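Shown next, in structure tokens, is the structure this report addresses.
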Amino acid sequence: MAALVDPVAEPVVLAVRGDVVVVRVGDVVLKAHESGTDAALLAARCKLAGDPRLGELFLPPLLGPVPVEGRLVTGWPLGTPVEPGAPDALPMEDAGRMLAALHAFTADDFTADDFTADDFTADDFTADDFTADDFGALPVAGAWERLERAVARVPAVEGADLVRRAFATVEPMRPGTVLIHGDWHLGQLVARGGWRLIDVDDLGVGDPAWDLARPAALFAAGVLEPRAWSRLLDAYLDAGGTGIDRDDPWAALEGPARALVVQMAARALAAAERDGTALEPAQVALLEACERIASRHEPMPRG
């Protein structure tokens, strides 16, 4: 896929997560998306990320989605990721303000022309693959489907049943009209002319509390330092974030946070089995949180 940018350049592998591969070619980052990714949905999400109104929030796509050997590939400007380190050095205030700004957009702010994907057709696709007929509204955020996939892929190892029992208690993401990232965490921030959001695979409308659910889950599990969590939460609320209530943020966060505990625990078990490694202390804490969830909450009825 590096030939999309430079036919002779040697790509540098930045990340391999399951069958997702991310490489750098010069100052361009190419991502081979998960097998089975819906081409029309990904194209619509890429076009949304390139909307000028979101220019202070997202890196704009440079190319794609383009099919390469049965996989969809997109290209993005190179950015500098958040450096892991002391909690006080993490850009929590910037992140909170960015999420608040993102959540200020709703489906009413966009027309079909804003998210149909005419700009991203390739020779392998026809215009009919990317038309407004596919979307009566903005794409629905993919957060719930991501969770379902993670649980479905849990291997038959110790802790798997615990993850499934905890998942059974989780309520699906409630419908919403707010534009959300759908898979937000600090790894989705890069610096390029200021902080920008990346990875649009789950971008769409939904419950904005889900964008805060991962840090909330890490805080509740004792993994994220309380001061870092407070900085994110306060900055989000001070910037007008609409996803939670200042007087009782956990009224909106409790359910999504449980969901993200389950997702992270499921992915930890799958990664440990795949790589032949032991769980790290933070991952063990997530499994312990799953045990508390399963013991304190009743399974949700699901059709």
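Side-chain atoms are counted along with the backbone in the values below, which use heavy atoms only and exclude waters and symmetry mates. Being a predicted model, the structure only gives us computed values, none of them experimental. Note that the numbering runs from 1 along the sequence shown for the chain.
If you take CD1 on Ile180 and CG on Leu212, they are separated by 10.0 Å, rounding to the nearest 0.5 Å. For the atom pair OG1 of Thr106 and CG of Leu179, the computed distance is 9.0 Å after rounding to the nearest 0.5 Å. If you take CD on Glu93 and CE on Met98, they are separated by 13.5 Å, rounding to the nearest 0.5 Å. Summarising the geometry, atom CZ belonging to Arg196 is positioned 7.5 Å from atom CG belonging to Leu57; distances are rounded to the nearest 0.5 Å. Atom-to-atom distance recorded for Ser35:OG and Leu72:CG is 9.5 Å, nearest 0.5 angstrom. Considering CG of Leu189 and CG of Leu90, their distance stands at 10.0 Å, rounded to 0.5 Å.
Among residues two or more places apart in sequence or in another chain, the salt bridge (Lys or Arg N to Asp or Glu O under 4.0 Å) test is passed with Asp207 by none.
Distance alone, capped at 3.5 Å, places no donor-acceptor pair between the Arg45 side chain and the Gly204 backbone. Remark: the backbone N or O of Leu147 is not paired with any side-chain donor or acceptor of Arg267 at under 3.5 angstrom. Tyr236 contributes no side-chain N or O that, together with a main-chain N or O of Arg231, makes up a donor-acceptor pair within less than 3.5 Å. In this structure a side-chain-to-backbone donor-acceptor pair under 3.5 Å is present from Glu225 to Arg227.
Checked options Asp199, Leu197, Asp202, Leu102; the residue passing with Trp184 is Leu197 (criterion: side-chain contact (heavy atoms from CB on, under 4.5 Å)). Paired with Pro215 under the rule side-chain contact (heavy atoms from CB on, under 4.5 Å), one option of Leu233, Leu253, Leu224 passes, and it is Leu224. Evaluated for a side-chain contact (heavy atoms from CB on, under 4.5 Å) with Val21, the options Met1, Lys31, His33 yield exactly one hit, Met1.
For the pair Arg71 and Glu34, the salt-bridge criterion is not met [side-chain N within less than 4.0 Å of a carboxylate O]. Between Asp94 and Arg97 a salt bridge is recorded (basic side-chain N to carboxylate O distance below 4.0 Å).
What you find for Val205 and Thr177 is that their closest heavy atoms are CG1-O, 3.6 Å.
When the shell of 6.0 Å around CD of Glu145 is examined, it contains more than 12 heavy atoms from other residues, nucleotides or ligands.
Sorted by first then second residue, the salt bridge (Lys or Arg N to Asp or Glu O under 4.0 Å) pairs that include residues 165-179, not counting sequence neighbours, are Glu171-Arg174.
In this pair, Trp210 and Trp144 present their aromatic rings perpendicular. The plane angle is above 60°, beyond the 30 to 60° band.
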